[in-house]
Undergrad: 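Encoded as structure tokens, here's the structure I'll be asking about.
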Amino acid sequence: MFREVLNYIRPYDAGIFPEDLYKKYGISEKNVVNLGSNENPYPPPKSVIKEIVKESSHVNRYPDPSYPELKQKLSEYTGLPIENIAVGSGASEILDSICKITLNPFDKVVIPIPSYSIYILISMLRDASIEYIKTEDQNFEFRAEQVINFGKDVNLIFLNSPNNPTGKSIPREEIIKIIEGTNALVVVDEAYYEFSRKTIAEKVNEYNNLLVVRSMSKFFSLAGLRIGYALSNPKIIEMIEKVRLAFTISNIAEKAAIKALEKQNWYLKIREKIIAERDFVMREISRTKGFTVIPSDANFLLIKLPAKVNMSAIMEELNKKGIIVRDVTEVPGLKNNYIRITIGKKQENRAVISALRELSLKW
Ligand SMILES: Cc1ncc(COP(=O)(O)O)c(C=O)c1O
């Protein structure tokens, strides 16, 4: 009665939440340093919160399922016409819709790894056949040829730039070579675009096989409201609109996103703080014995730990101090011990640096 593939799928592991630390160690949520999910540590500006409260009195009504106002604002933000834009409940919904429009059972998908593990999950749910490119031994980089060599019968390619969990951007020339060298739909997930400022979005009308995915969860501090969007040529956008469920963005989320897009200067100041902190954390942790930090274009850092350490003991020690980081050792494509830390507020970053220093004294 149920699908075979479900026997092989584990639900997405979102890591540890502050409530878990309260239950386990009695640490109250306000004292938790939560650097596990690449979120923005700052809540959105007051005007966005006000808009959320204001819109809450209209929740007896459905939102307009074509979201014209939000698309108009995104059009101004991206510089692309609204025909090039589809919106969804987070980048996650867009990614799932992409699989729905491209994949029949046994169709081929290419995924360089390590990367955002949802790509694997949603491809498996379409019974697709996944080809991986392992990048850890190549300094987490890959060449276009490695992707193109899988041949002309590939349906879908997932690229992530900057990539989660490595923080590395894919060079523009390589992305273009891949788009031009394949018949597959090339998805470039730019969830962290605002931190890198590197994008391929202006090319979506030049190719019939390019789709850029963006998220408002990171730079725009709206992870809890679930807003993402796709940028692609109108034909692909139309297909996304066909498979997407109506009303998946609430009217509260839509209005908050519109307001946030009007407040870019506020967000740019936050961005500067996060980037300066990221570079500080990178320098400090690189100086600490036993840690290797991968340079990042995003709001998080991937850090390699010595082979001898016990990762679950380390996570427990950090959690006991009220610190949440992500153990990504089990992410497909990683062979060594790694943690990923999100850049938080100044004090939070100092707390994680000193906790890691303390740990390293025992090695
Ligand atoms: C690379 C990447 N893409 C997409 C997402 C999901 O974003 P959203 O919250 O918009 O669904 C994430 C979330 O961590 C991510 O890291």
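Both ligands and their constituent atoms are indexed starting at 1 by order of listing. For reference, positions follow the sequence shown, starting with 1. Atoms considered below: every heavy atom in the structure, side chains included; atoms not considered: hydrogens, waters and symmetry mates.
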Undergrad: Residues two or more places apart in sequence or in another chain: which of them pass side-chain contact (heavy atoms from CB on, under 4.5 Å) with L361?
TA: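 With neighbours one apart ignored, the set is empty.
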Undergrad: N or O contacts of ligand 1 with protein under 3.5 Å, please list pair by pair.
TA:
{"unit_1": "ligand 1", "atom_1": "3 (N)", "unit_2": "D189", "atom_2": "OD1", "d": "3.4"}
{"unit_1": "ligand 1", "atom_1": "3 (N)", "unit_2": "D189", "atom_2": "OD2", "d": "2.6"}
{"unit_1": "ligand 1", "atom_1": "9 (O)", "unit_2": "S217", "atom_2": "OG", "d": "2.6"}
{"unit_1": "ligand 1", "atom_1": "9 (O)", "unit_2": "R226", "atom_2": "NH1", "d": "2.8"}
{"unit_1": "ligand 1", "atom_1": "9 (O)", "unit_2": "R226", "atom_2": "NH2", "d": "3.4"}
{"unit_1": "ligand 1", "atom_1": "10 (O)", "unit_2": "A91", "atom_2": "N", "d": "2.6"}
{"unit_1": "ligand 1", "atom_1": "10 (O)", "unit_2": "S215", "atom_2": "OG", "d": "2.7"}
{"unit_1": "ligand 1", "atom_1": "10 (O)", "unit_2": "S217", "atom_2": "OG", "d": "3.3"}
{"unit_1": "ligand 1", "atom_1": "11 (O)", "unit_2": "A91", "atom_2": "N", "d": "3.2"}
{"unit_1": "ligand 1", "atom_1": "11 (O)", "unit_2": "S92", "atom_2": "N", "d": "3.0"}
{"unit_1": "ligand 1", "atom_1": "11 (O)", "unit_2": "S92", "atom_2": "OG", "d": "2.5"}
{"unit_1": "ligand 1", "atom_1": "11 (O)", "unit_2": "R226", "atom_2": "NH2", "d": "2.7"}
{"unit_1": "ligand 1", "atom_1": "14 (O)", "unit_2": "Y192", "atom_2": "OH", "d": "3.4"}
{"unit_1": "ligand 1", "atom_1": "14 (O)", "unit_2": "K218", "atom_2": "NZ", "d": "2.8"}
{"unit_1": "ligand 1", "atom_1": "16 (O)", "unit_2": "N164", "atom_2": "ND2", "d": "2.8"}
{"unit_1": "ligand 1", "atom_1": "16 (O)", "unit_2": "Y192", "atom_2": "OH", "d": "2.7"}

Undergrad: Knowing that exactly one of T288, I314, L305, V309 qualifies, which makes a side-chain contact (heavy atoms from CB on, under 4.5 Å) with L359?
TA: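 The option that passes is I314.
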Undergrad: Is the backbone of M282 close enough, under 3.5 Å, to the side chain of S286 for a donor and an acceptor to pair up by distance?
TA: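 Such a contact is found between S286 side chain and M282 backbone.
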Undergrad: So is R271 actually on top of F219's ring, under 6.0 Å and inside 45° of the axis?
TA: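 No, R271 and F219 do not form such a contact.
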Undergrad: Among N299, N163, D297, whose side-chain contact (heavy atoms from CB on, under 4.5 Å) with Y192 holds?
TA: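 Exactly one candidate clears the test, N299.
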Undergrad: Count the heavy atoms of every other residue, nucleotide or ligand shown that sit under 6.0 Å from CZ of R61, and state whether that count exceeds 12.
TA: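 Atom CZ in R61 is not crowded, with 12 or fewer foreign heavy atoms closer than 6.0 Å.
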